[in-house]
Amino acid sequence: MSITRRGDTLIEVMFAFAILSAIIAVSFSGAMNSYKASLSAQNETQASFVAQYQADALKAYRDSLEWNYAEAPSFLTGYSTSSPPLPAMGSYITTTPPTPFCMQYQPSGASWKVIKADLPAADCNLLVQTLAPQLGSSATLAITLTGDATNGVYASIKVTWRPRNSLIDQNVTNTILLTKDR
């Protein structure tokens, strides 16, 4: 009695290996795409957080003052005799193009400070890096105002960053309407 053993041929083994390699490559590619999408979503969430933080800061500053009053501290006219002087938001509206700025909380004076964003090494960019370090050192923040005292002021808050290994900047913009209830 003779028993013959039949093994797999080299072609069959190579074909099985090719199929297994393709399955692993597709799985790895899918995992990498999911990872990149997750990082992108995380960056966008952090940028949205920074924009919302600035929107809330602007609203808090607005709510702490009168809206438009020449003889007392107000949101649009400021107050130059206080120490430190309260910034006049109206001056940021009237410039063409609008002057970009950001809001920074000053714990010592328990108030908000307006920082011009167009200065070299602006504190606005440092603020983004503090609040959302994963956006990287190239992240920028700028608030611009448009509108008027009667119809309301629109604040456009823009956070821009460049993802790693990318040549294209991404941004999140949050636009809010600032008015004072009468």
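Side-chain atoms are counted along with the backbone in the values below, which use heavy atoms only and exclude waters and symmetry mates.
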Peer 1: Examine distances only and state if a side-chain atom of T130 and a backbone atom of L126 form a donor-acceptor pair shorter than 3.5 Å.
Peer 2: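 Yes; at least one donor-acceptor contact below 3.5 Å.
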
Peer 1: List the steps, then state whether side-chain hydrogen bond (donor to acceptor under 3.5 Å, both in side chains) holds for Q129 with N125.
Peer 2: CA-CA 6 Å; Q129 293 165 22; N125 301 343; over 6 Å; no

Peer 1: Main chain of K36, side chain of S40: is a donor-acceptor contact present, judged purely on distance under 3.5 Å?
Peer 2: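 The answer is no, because no donor-acceptor pair under 3.5 Å joins these two groups.
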
Peer 1: Indicate yes or no: at least one non-hydrogen side-chain atom of V172 is less than 4.5 angstrom from one of E44.
Peer 2: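 In short, these two side chains touch, coming nearer than 4.5 Å.
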
Peer 1: Can you spot which of T140, D169, L135 makes a side-chain contact (heavy atoms from CB on, under 4.5 Å) with W161?
Peer 2: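 Among the candidates, only L135 passes.
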
Peer 1: Compile the donor-acceptor pairs under 3.5 Å between side chains in residues 21-28 and protein atoms, sequence neighbours left out, one pair per line.
Peer 2:
unit_1 : atom_1 : unit_2 : atom_2 : d
S21    : OG     : F17    : O      : 2.9
S27    : OG     : I23    : O      : 2.9

Peer 1: Which distance, rounded to the nearest 0.5 Å, do you find between the OG1 of T179 and the OH of Y154?
Peer 2: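 One gets 9.5 Å once the value is rounded to the nearest 0.5 Å.
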
Peer 1: Would you indicate whether the side-chain heavy atoms of Y61 and M89 approach each other to under 4.5 Å?
Peer 2: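 Answer yes - side chains close enough.
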
Peer 1: Within the side chain of Q46, is there an N or O that forms a donor-acceptor pair under 3.5 Å with the backbone of A132?
Peer 2: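 No, the answer is negative, given that no donor and acceptor are paired below the 3.5 Å cut-off.
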
Peer 1: With L76, which of L145, L178, V153 fulfils side-chain contact (heavy atoms from CB on, under 4.5 Å)?
Peer 2: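 Answer to the side-chain contact (heavy atoms from CB on, under 4.5 Å) test with L76 among L145, L178, V153: V153.
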
Peer 1: Would you compute the distance between atom CD of Q170 and atom CG of N43 and round it to the nearest 0.5 angstrom?
Peer 2: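 Going from CD on Q170 over to CG on N43, the span is 7.5 Å.
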
Peer 1: Please indicate whether Q52 has more than 12 foreign heavy atoms, meaning atoms of other residues, nucleotides or ligands, lying under 6.0 Å from its CD.
Peer 2: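 More than 12 within 6.0 Å, yes.
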
Peer 1: Show the nearest heavy-atom pair for residues L58 and A155, with the distance to one decimal.
Peer 2: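 Where L58 meets A155 most closely, the heavy atoms are CD2-CB, 3.5 Å.
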
Peer 1: With distance as the sole test, does E12 use its side chain to make a donor-acceptor pair with the main-chain N or O of T9 at under 3.5 Å?
Peer 2: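 The answer is yes, because a donor-acceptor pair under 3.5 Å joins these two groups.
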
Peer 1: Decide side-chain hydrogen bond (donor to acceptor under 3.5 Å, both in side chains) for S74 and T77; before the verdict, give the C-alpha distance in whole Å, the side-chain angles of both, and the deciding distance to 0.1 Å.
Peer 2: CA-CA 5 Å; S74 80; T77 60; 2.3 Å; yes

Peer 1: When rounded to the nearest 0.5 angstrom, what distance separates CG in N171 from CD1 in I157?
Peer 2: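 These two atoms lie 13.0 Å from each other.
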
Peer 1: Could you check N174, I176, L127 and say which one makes a side-chain contact (heavy atoms from CB on, under 4.5 Å) with Q54?
Peer 2: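 Testing each of N174, I176, L127 against Q54, the sole residue satisfying side-chain contact (heavy atoms from CB on, under 4.5 Å) is L127.
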
Peer 1: Should V128 and F49 be regarded as members of a common hydrophobic cluster, given that ILVMFWY residues are connected when their side-chain heavy atoms come within less than 4.5 Å of each other, either directly or indirectly?
Peer 2: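 Same cluster.
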
Peer 1: Locate the shortest heavy-atom distance separating Y92 from T99; write the atom from each residue and the value.
Peer 2: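 Minimum heavy-atom separation between Y92 and T99: CD2-O, 3.7 Å.
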
Peer 1: For the backbone of W67 and the side chain of R62, can you confirm whether one donor and one acceptor N or O come within less than 3.5 Å of each other?
Peer 2: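 Not a single qualifying donor-acceptor pair exists.
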
Peer 1: Where do C102 and I143 come nearest, in terms of heavy atoms and distance?
Peer 2: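 Smallest interatomic distance, heavy atoms only, reads CA-CD1, 4.0 Å.
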
Peer 1: I need the minimum non-hydrogen distance between S156 and T175, along with the two atoms involved.
Peer 2: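 Minimum heavy-atom contact is OG-OG1, 4.0 Å.
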
Peer 1: More than 12 heavy atoms of other residues, nucleotides or ligands under 6.0 Å from CG of L177: yes or no?
Peer 2: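 Yes.
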
